[in-house]
Q: 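Pasting in a structure now, in structure tokens, and then I'll have a few things to ask.
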There are 2 protein chains.
Amino acid sequence: MKRDSRLSSVLHALLHMESHGKPMTSEDLATCMSTNPVVVRRTMAGLRESGFVRSDRGPNGGWSIACDFDRVTLRDINAALGEPALFAVGNRHENPACLVEQAVNAALDDAFDAAEALLLERFATVTLAALAADFRRRFARHKSENGTKAHA
Amino acid sequence: MKRDSRLSSVLHALLHMESHGKPMTSEDLATCMSTNPVVVRRTMAGLRESGFVRSDRGPNGGWSIACDFDRVTLRDINAALGEPALFAVGNRHENPACLVEQAVNAALDDAFDAAEALLLERFATVTLAALAADFRRRFARHKSENGTKAHA
DNA sequence: ATAATTCGTAATAACTCAAGTTACATGAAA
DNA sequence: TTTCATGTAACTTGAGTTATTACGAATTAT
């Protein structure tokens, strides 16, 4: 089952955009997301509609951050992508006439609903600012491990 | 993203097999799972290897239950299917060099791991016997609602 | 033995859906 | 008015699943 990596890609893009300082073109972003500009525009469109980023045309145009990283969570970003299906597994028929299948679906749905609730709850606890902070921690450690050979 | 419905299908099949009493052919099962016999054999092969069902060739052959419904859970059945990926969403690169992407992946993985653990835990609490009992409850209610007009 | 039934499985075809691509229109800046 | 950049529709590609075909192997009944 092929996985949808748009959430991962978009977060990656947002963090790069923040440290970049000035607008990044779809082409820039496509390079860093290893995809192509049209896909970037399609994907980012949802974020723009939700007000998390803005896009400007023409020379010096491109994508820029339009939100407070402290106030936006992974859950918000996921919602802006259109709440893509989180689970790869599901019921064959959503409203089966067969009572056996109804019993099976009910049991599976209970479990999936609980897991989905937990996942979204977790997403809601992670702000973009927290992600950015984690990146800076990794960056600092990376520098201290690789920057001065004396410490190796 | 299309969903994998093998778990749902297989549970459906197991419950039918139990009430059927005698072996069911791949063709019988294909009808009730709305697929075709070869797919049934492929799907059930995992359950046979795990010892939950048996298959016999030749006339009067077919598939039959080979386990105690009280001792087998949804988690066991899911494992017998080869632990198919549960999530439709994932990271673009599993081991990225980019530190930004590493930070993003770490956050997402935390959330997914927690949700997966919960889901499997839930699966482990539901036995096939419980599913069968739930079906019988539904069947009884169905009869009382439709069988005697006096109660309507 | 022989015919009929049923599973086992490899090979292949058909289908589905997301991602990628092309093409062109729109708008902004210099 | 030229250049840069996004917006978007239409189309192509490609990966992954499921369905189908075809044939082999095992089992039962006669």
Q: Using heavy-atom distances to pick each residue's nearest nucleotide on DNA chain C, tell me which of Arg57(A) and Ser5(A) is more 5'.
A: Ser5(A)
Q: Kindly indicate whether the side chain of Arg42(B) and the base of dA19(D) share any N or O donor-acceptor pair separated by less than 3.5 Å?
A: yes
Q: Answer whether the closest heavy-atom distance between the side chains of Pro84(A) and Leu7(A) falls below 4.5 Å.
A: no
Q: Of Gly58(A) and Val39(B), whose closest DNA chain D nucleotide lies nearer the 5' terminus?
A: Gly58(A)
Q: Please report the C-alpha distance between Arg92(A) and Ser8(B) in whole Å, then the side-chain angles of each, then the deciding distance to 0.1 Å, and finally whether the side-chain hydrogen bond (donor to acceptor under 3.5 Å, both in side chains) criterion is met.
A: CA-CA 6 Å; Arg92(A) 180 169 276 265; Ser8(B) 161; over 6 Å; no
Q: Quickly work out the Arg6(A) CZ to dA18(C) C1' distance and round it to whole Å.
A: 9 Å
Q: Can you identify which nucleotide, out of dT6(D), dG8(C), dT22(C), has its nearest atom closest to the Val38(A) side chain?
A: dT22(C)
Q: Lys22(B) has an atom NZ; how far is it from atom P of dT6(C), in whole Å?
A: 11 Å
Q: Flag the pair Asp134(A) and Arg136(A) as a salt bridge only when some basic side-chain nitrogen lies within less than 4.0 angstrom of an acidic carboxylate oxygen.
A: no
Q: If you check every side-chain atom of Asp4(B), which of dT8(D), dT18(D), dG8(C) has the closest atom?
A: dT18(D)
Q: Any side-chain N or O of Asn60(A) under 4.0 Å from OP1/OP2 of dA30(C)?
A: yes
Q: How many Å lie between CG on Asp28(A) and P on dA5(D), as a whole number?
A: 8 Å
Q: Could one point to a donor on the side chain of Arg48(A) or the base of dG7(D) with an acceptor on the other under 3.5 Å away?
A: no
Q: Of Arg3(A) and Met24(B), whose nearest nucleotide on DNA chain C comes first from the 5' end?
A: Met24(B)
Q: Looking at the side chain of Asn36(B), which of dA19(D), dA19(C), dC7(C) is the nearest nucleotide?
A: dA19(D)
Q: Would you check, one step at a time, whether the test side-chain hydrogen bond (donor to acceptor under 3.5 Å, both in side chains) holds for Trp63(A) with Thr25(A)?
A: CA-CA 6 Å; Trp63(A) 298 87; Thr25(A) 66; over 6 Å; no
Q: Between Ser55(B) and dT6(C), is there a side-chain N or O to OP1/OP2 distance below 4.0 Å?
A: no
